[in-house]
Number of protein chains: 2
Amino acid sequence: MARMVAERSDAIAPLAEVFREHGYEGASLALIGKATGLGKGSLYHFFPNGKEEMVRAVLGEIGQWFEDAVYSPLRNESDANGAIGAMLDATDQYFRSGRRVCLVGALAVANTRDLFAQAIRGYFVSWVDALQSALIRQGRDADQSRILAEEAVLAIQGAIVLSRALDDPAVFQRAIDQLRGRLVIENDASNNRGTIDDSSQNEGCLV
Amino acid sequence: MARMVAERSDAIAPLAEVFREHGYEGASLALIGKATGLGKGSLYHFFPNGKEEMVRAVLGEIGQWFEDAVYSPLRNESDANGAIGAMLDATDQYFRSGRRVCLVGALAVANTRDLFAQAIRGYFVSWVDALQSALIRQGRDADQSRILAEEAVLAIQGAIVLSRALDDPAVFQRAIDQLRGRLVIENDASNNRGTIDDSSQNEGCLV
DNA sequence: ACGAGATTGTACCAATCGGTAAAGTAATTA
DNA sequence: TAATTACTTTACCGATTGGTACAATCTCGT
């Protein structure tokens, strides 16, 4: 029998996947055990508060990844235009062109929203705020930037829903392309793809 | 004790509500019984195939309502501009400015998608097709109309997600306003609100 | 008023749910 | 090496799950 010792952090990525695919209530401890390779004992050793604590851990990890890979560049990068392009690239990769569901969005729509309201709100507020900051640094009006940032974040969520409903990743990619046209300011010398973070060419974030 | 005889059609609206609020798996027979006021016996008398048949009945009713109230005017109304404005009004009312979840979208995101794939696909394909038809009749290019229709339907779904995530109906209403600006062609003599179907001023569709 | 069919309440089922308890095994530290 | 901690296995719990069976009740055409 393969008996190995695991640590908490190894469980986060499989947990994220199983919650994305089955939702909070749909992800039973049996499914969670299968996805993580951990028995109930180990699961409750790492997450004494059960499923709720597992989701909170996953949300924390997701928030951290977006903070580092998306929000922070949008807020701090000197090349705001490039940061926005990089955001769109990262979004397309992270959500696998709509094949991967947004856990935060899914939780917001389900009746579990109230349980994780703070984390859900924080995720989207940070995204809109960071994008608005970059749009303003592009030279746009503050109010217009707010509206545009909200529209963009909302369009990404809608693109996930519609591309899954139609089972067609092209829907998601068209939505990203449209956003690129509306958010990125044309520049003859650039192809409008992210030039900042080429290290994000890896196969995609696990969490 | 109040003992009354019900009929199948009376159960559809409460069923729609309970599935919207709890999802397919989250809506237990206990919750369904409470919402409809029907016992298991009655429920399985009207819907012999259980929850799956209940959801199919609800999806059928929803599809019919949208066909009559939204798609058909978009496709057939001579005043395409007015029909689009009416669509936005109906959308805001139907989804209660984002306070009400879209059951079809929620099913598309959950792992129940495959079970209802055909109905889900039909709902969104009809919507995009009908809206494209109206946009073309406004005098727009066919390809551009396709893209724009897709963007609009997708934005509505995203607006539901984001306004629920932020618990702020104003997000949904701003999204509808933005769509009005992009879809409705300005006309000095009109305020760009739907002028066709003023009978839809009722408190909102039940299903 | 009566019979037929439609509707309902109740008891019941195996399976699964989230979660607990505790004894056992591995890794770490002293 | 001994003791301590970290992790895992297994068995178990009451509650709830979706679904079935069936007898009792109601509605309605005659």
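Chain A is the first sequence line, chain B the second, and so forth, proteins listed ahead of strands; every chain is numbered from 1.
Summarising the geometry, the separation between CZ on B:R8 and C1' on C:dT8 is reported as 17 Å, rounded to the nearest angstrom. Summarising the geometry, the separation between CD on A:E53 and P on C:dG19 is reported as 11 Å, rounded to the nearest angstrom. Taking atom CG of A:L31 as the reference point, atom P of C:dC17 lies 7 Å away to the nearest angstrom. If you take NZ of A:K34 and P of C:dT16, they are 10 Å apart, rounded to a whole angstrom. Atom pair B:L43:CG and C:dG9:P shows a separation of 11 Å (rounding to whole Å applied). Between B:E7 atom CD and D:dT27 atom P there is a gap of 13 Å when expressed in whole angstrom units. To the nearest angstrom, P of D:dT16 lies 16 Å from CD1 of B:I32. When rounded to the nearest whole Å, the span between NE2 of B:H22 and P of D:dG18 equals 12 Å.
Under a 3.5 Å cut-off, the side chain of A:R137 and the backbone N or O of A:E77 do form a donor-acceptor pair.
Sorted by first and then second residue, the side-chain hydrogen bond (donor to acceptor under 3.5 Å, both in side chains) pairs with a member in residues 141-163 of chain A read A:D129-A:R146, A:Q132-A:R146, A:E150-B:R174, A:E151-A:R182; sequence neighbours excluded. Listed by first and then second residue, the salt bridge (charged side-chain N to carboxylate O under 4.0 Å, His left out) pairs involving residues 19-47 of chain A amount to none (not counting sequence neighbours).
Annotation: side-chain hydrogen bond (donor to acceptor under 3.5 Å, both in side chains) contacts of B:D10 (sequence neighbours excluded): none. B:F172 meets the ring-ring contact (aromatic ring centres under 6.0 Å, His included) test with no other residue; sequence neighbours excluded.
Classification of B:D89 and B:R180 as a salt-bridged pair holds, one side-chain N sitting under 4.0 Å from a carboxylate O.
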Expected list for residues 109-117 of chain A: side-chain donor-acceptor pairs under 3.5 angstrom, two or more places apart:
unit_1 : atom_1 : unit_2 : atom_2 : d
A:N111 : ND2    : B:H22  : ND1    : 3.3
A:R113 : NH1    : B:R164 : O      : 3.0

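Here the nucleotide nearest the side chain of B:S28, chosen from D:dT17, D:dA6, C:dT7, is D:dT17.
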Pull out every protein N or O sitting under 3.5 Å from an N or O of nucleotides 19-24 of chain D, one pair per line with the distance.
unit_1 : atom_1 : unit_2 : atom_2 : d
D:dG19 : OP2    : B:Y44  : OH     : 2.6
D:dG19 : O5'    : B:Y44  : OH     : 3.1
D:dG19 : N7     : B:K40  : NZ     : 3.3
D:dG19 : O6     : B:K40  : NZ     : 2.1

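Both A:A27 and B:F46 lie close to DNA chain C; mapped to their nearest nucleotides by heavy-atom distance, the more 5′-ward contact belongs to B:F46.
Side-chain N/O atoms of B:S42 include none lying less than 4.0 angstrom from OP1 or OP2 on C:dT7.
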